[in-house]
Protein chains: 2
Amino acid sequence: MNAQLRAISELDRVIHEPGRLMIVALLAGVKECDFLFLLRETEMNKGNLSSHLARLEEAGYVEIEKTYRGKVPQTLLRLKPAGRTTFDNYRKGLMAAF
Amino acid sequence: MNAQLRAISELDRVIHEPGRLMIVALLAGVKECDFLFLLRETEMNKGNLSSHLARLEEAGYVEIEKTYRGKVPQTLLRLKPAGRTTFDNYRKGLMAAF
DNA sequence: AGAACTGGTTTGCATTGCAAACTAGTCGGC
DNA sequence: GCCGACTAGTTTGCAATGCAAACCAGTTCT
């Protein structure tokens, strides 16, 4: 197997999914944001966004904090260190492949 | 939605799958090769490779020619024009995103 | 003849991604 | 105070996917 294929085959599958890639790319540039912001930016529906976030949390890539803005619930999202390094490696992998 | 996210969300899903991405990347640089070559290079198993190729054929991206090398069957694969342009666009999309 | 090998395809299953339906709580009108 | 609408998400149900084990047709070995 050559280096290009190796790089492709080693891409992290959790981050590779476009829905989650959008989320992580956004979080990588912002340090913290809420559910509704992601919802608007990614143009996904709520169920979809919710489950992708759950997957990213379970992978240890994002931190989900449930809080309140006044009386309305607000879910805050942050990229964890593991998520950042995995994302960086993902990008390096892409650059190595293309 | 910003340009980065737009680029990610528009990536072709057929090509995005790493197994198929490996196949298409290989075919893009070789003009023609056979099943066994792909099998060795990608390190997939036969069933997996077979079904990814079927998917790429059905998408109109690769051409599958079944022939013989002497008495043993041989399956030849080629990237079709549609596959090449989709792959080119995929790469442009990646570059736009990262 | 038949066991083993080659070159694949098909089958079966567990995992996904997706959106519709649901839930918990808030606000506004009456 | 109660009822309907709204907000902020989660859960459910299902169709599509990826994967490898099992299968199959044909060939070669002995």
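Residue numbers begin at 1 in each chain, while the letters A, B, ... track the order of the sequences. From a predicted model like this one, the values you see are computed outputs, not experimental measurements.
Leu56(B) places its CG atom 16 Å from the C1' atom of dT9(C), with the value rounded to the nearest Å. Taking atom CG of Leu53(A) as the reference point, atom P of dT11(D) lies 13 Å away to the nearest angstrom.
Residue Lys71(B) places none of its side-chain N or O atoms closer than 4.0 Å to OP1 or OP2 of dG7(C).
Between Arg78(B) and Glu63(B) there is a salt bridge, since at least one side-chain N of the basic residue sits less than 4.0 Å from a carboxylate O of the acidic one. The pair Arg6(B)-Glu43(A) meets the salt-bridge criterion, since a charged nitrogen lies less than 4.0 angstrom from a carboxylate oxygen.
Classified by interplanar angle (parallel below 30°, tilted 30° to 60°, perpendicular above 60°), the ring pair His16(A)/Tyr90(A) is tilted.
Across Leu39(B) and Met44(B), no two heavy atoms sit closer than the pair CD1-O, 3.2 Å. Taking all atoms of both residues into account, the shortest heavy-atom contact from Leu21(B) to Ile15(B) is CB-O, 3.3 Å.
Of the possible polar contacts, one joining the Arg84(B) side chain to the Ala28(B) backbone as a donor-acceptor pair under 3.5 Å is found. Of the possible donor and acceptor atoms, none in the side chain of Ser50(B) sits under 3.5 Å from a partner among the backbone N and O of Lys46(B).
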Dump the pairs, protein N or O against N or O of nucleotides 18-22 of chain D, anything under 3.5 Å, distances to one decimal.
from, atom 1, to, atom 2, distance (Å)
dG18(D), OP1, Glu17(B), OE1, 3.3
dG18(D), OP1, Arg20(B), NH1, 3.3
dG18(D), OP1, Arg20(B), NH2, 2.9
dG18(D), OP2, Arg20(B), NH1, 2.8
dC19(D), OP1, Arg13(A), NH2, 3.0
dC19(D), OP2, Asn48(B), OD1, 3.4
dC19(D), OP2, His52(B), NE2, 3.3
dA20(D), OP2, Asn45(B), ND2, 2.4
dA20(D), O5', Asn45(B), ND2, 3.4

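Atoms CD and CG, on Glu17(A) and Asp12(A) in that order, are 12.0 Å from each other to the nearest 0.5 Å.
Contacts between residues 24-41 of chain B and DNA chain C, defined by a heavy-atom separation below 4.0 Å, involve Phe35(B), Leu36(B), listed by number.
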